[in-house]
Amino acid sequence: MSKLGNLGARLYRGEVGYDFVGKRMFWYGVSILITITAIVGLAVRGLNMGIEFEGGAVFTTPKTSVSASQAEDYAEEAAGHDAIVQGLGSGGLRIQVAGLDTNTSDQVKSELAQDMNLDPERISAELVGPSWGDQIANKAWQGLGIFLVLVVIYLAIAFEWRMALAAFVALIHDITITVGIYALVGFEVTPGTVIGLLTILGYSLYDTVVVFDSLKEQTKELTKQTRWTYSEVANRSINSTLVRSINTTVVALLPVAGLLFIGGGVLGAGMLNDISLSLFVGLAAGAYSSIFIATPLVADLKEREPQMKALKKRVLAKRASAASQSEPQEAEAVDEPYDEEPEDAAPAVVGPPRSQRSQPSSRNRGRGRPSGKRR
């Protein structure tokens with residue numbers, strides 16, 4: 001068995017483990033700090049919305065010797081707006097300029113052709129109206145709202161309302177962090193970003209449900225015993241599924257990291273960044289929230305119940321009683337003399353015990369003395 005598999009088996013049996021629930025206040029603080037940073041980045045920098053949402057024009061050029069940075073300067077000078085330029089596999093360029101209408105797009109197209117020494121007829125222009133982007137944004141918000149409502153209802157039926165509430169908080173946590181990272185990095189938000197954002201919610205929910213299912217199984221008839229509290233069982237559930245969560249998250253992150261860092265960064269396929277960044281950040285945040293946010297929050301909510309409060313008192317009282325009974329026994333064991341003998345003790349006998357000493361056999365009993373029989 002590999003070291004990771006051996007660790008997973010020991011975590012499942014409860015032989016080793018990290019106290020996630022006991023140190024939940026620290027992880028709550030880390031999550032709050034990350035969330036505040038994301039909200040500040042979103043408020044200060046805002047999102048770089050693509051032309052699908054704001055409207056504008058997309059110019060596609062044939063193969064040219066002009067670099068992407070030079071074309072970006074030409075487009076911004078001609079349009080008076082920020083431009084995004086991406087290289088194409090054919091050697092051409094894809095130039096996006098937001099906030100252009102039909103009249104201004106023709107003028108920008110002519111100036112680009114002149115600056116880049118290209119035939120204006122060979123530059124294709126595509127206009128995108130802002131109303132279409134508004135429809136996409138509205139549909140995305142509607143889909144997100146319906147998804148969250150259905151998730152809460154399902155978890156409330158399959159588990160309980162506390163787990164549904166904790167899962168909802170974890171999902172909002174993941175969305176906020178992902179959107180905030182987009183604002184801080186400055187990547188363009190496109191319909192692909194929305195698709196990636198909705199996709200990560202399923203991955204985040206999967207990790208959370210795995211832990212909740214283990215917790216539900218281990219807390220059946222929990223109040224009938226006095227060995228574990230609910231928080232301790234919740235912590236054991238996290239540890240028992242920890243290796244599984246790590247494995248699934250790493251396997252899912254590897255291809256996404258290839259799209260983001262190799263496809264978008266090394267190969268220059270910038271169109272992959274809009275969906276790969278949301279998947280990468282969302283998958284990592286989902287695994288984090290299922291371990292450090294969702295389950296500890298369920299433990300906090302459950303510990304407020306009168307039954308769980310009474311169970312915790314009984315468990316702690318039993319442990320205190322066991323500790324108080326073990327201390328006098330240990331003290332007596334230390335004070336008891338073990339190297340002295342009583343004064344009236346019999347002297348020690350060297351050799352085998354009396355019961356094991358050899359007795360003279362009956363056939364040798366009369367040897368060496370007269371038997372008394374006359375000859």
Side-chain angles (χ1 to χ4, degrees), residues 27 30-42 45-50 52-53 136-137 139-152 154-155 164 166-212 241-242 244-265 269-295 297:
W27 297 112
V30 172
S31 297
I32 292 174
L33 180 61
I34 296 175
T35 303
I36 291 176
T37 304
I39 293 175
V40 170
L42 184 62
R45 300 195 58 177
L47 292 174
N48 181 20
M49 306 300 293
E52 294 86 355
F53 297 99
I136 293 179
K139 293 296 183 182
W141 284 113
Q142 291 177 6
L144 178 61
I146 294 173
F147 173 81
L148 293 176
V149 171
L150 293 178
V151 163
V152 171
Y154 169 75
L155 292 179
F168 177 79
V169 172
L171 290 177
I172 298 299
H173 169 271
D174 300 339
I175 295 174
T176 304
I177 291 179
T178 305
V179 174
I181 296 261
Y182 260 88
L184 293 174
V185 174
F187 277 16
E188 185 181 13
V189 178
T190 65
T193 305
V194 178
I195 295 173
L197 188 63
L198 295 176
T199 303
I200 64 168
L201 299 181
Y203 280 100
S204 174
L205 190 63
Y206 169 78
D207 287 337
T208 303
V209 169
V210 168
V211 182
F212 283 177
T241 58
L242 180 61
R244 178 180 179 179
S245 299
I246 293 175
N247 287 337
T248 55
T249 302
V250 170
V251 170
L253 282 176
L254 287 177
V256 176
L259 289 176
L260 179 61
F261 298 107
I262 299 178
M271 290 180 289
L272 297 176
N273 291 335
D274 53 358
I275 188 171
S276 58
L277 180 63
S278 61
L279 289 175
F280 187 85
V281 176
L283 288 173
Y288 170 85
S289 63
S290 64
I291 297 173
F292 297 100
I293 302 298
T295 308
L297 184 57

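Bear in mind the structure is a predicted one, so any value in this text is a computation, not a measurement.
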Shortest non-hydrogen contact from Ala167 toward Leu155: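 That would be CB-CD1, 3.2 Å.
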
field: Which atom of Ile293 lies closest to which atom of Ser31, heavy atoms considered
entry: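 Scanning both residues, the minimum pair turns out to be CD1-OG, 2.9 Å.
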
task: Dump the intermediate steps for side-chain contact (heavy atoms from CB on, under 4.5 Å) on Asn48 and Phe187, then the final yes or no.
output: CA-CA 6 Å; Asn48 181 20; Phe187 277 16; over 6 Å; no

For residues 194-206, run the donor-acceptor check on the side chains, cut-off 3.5 Å, and write out each pair with its distance to 0.1 Å, sequence neighbours left out.
residue, atom, partner, partner atom, Å
Thr199, OG1, Ile195, O, 2.7
Ser204, OG, Asp174, OD2, 2.5
Tyr206, OH, Arg244, NH2, 3.3

Taking atom [atom1] of [X] and atom [atom2] of [Y], what is their separation to the nearest 0.5 Å?
X: Thr35; Y: Ile172; atom1: OG1; atom2: CD1; value: 11.0 Å
X: Ile177; Y: Leu184; atom1: CD1; atom2: CG; value: 11.5 Å
X: Leu171; Y: Thr176; atom1: CG; atom2: OG1; value: 10.5 Å

message: So Asp207 and Ile291, do their side chains get closer than 4.5 Å, heavy atoms only?
response: no

query: Is the closest side-chain heavy-atom distance between Thr248 and Val210 below 4.5 Å?
result: no

task: Verify side-chain contact (heavy atoms from CB on, under 4.5 Å) between Phe168 and Leu148, making sure each step is shown before the conclusion.
output: CA-CA 7 Å; Phe168 177 79; Leu148 293 176; 4.0 Å; yes

task: Sequence neighbours left out, what passes side chain to side chain contact (heavy atoms under 4.5 Å, CB included) with Val189? Give chain and number order.
output: Leu47, Met49, Phe53, Tyr182, Thr193

message: Tell me whether Thr249 contacts the main-chain N or O of Ile246 through its side chain, where contact means a donor paired with an acceptor under 3.5 Å.
response: no

message: Apply side-chain contact (heavy atoms from CB on, under 4.5 Å) to residues Val30 and Phe292 and explain how you reach the verdict.
response: CA-CA 10 Å; Val30 172; Phe292 297 100; over 6 Å; no

- prompt: Mind checking whether Trp27 and Tyr288 have parallel, tilted or perpendicular rings, split at 30° and 60°?
  reply: perpendicular

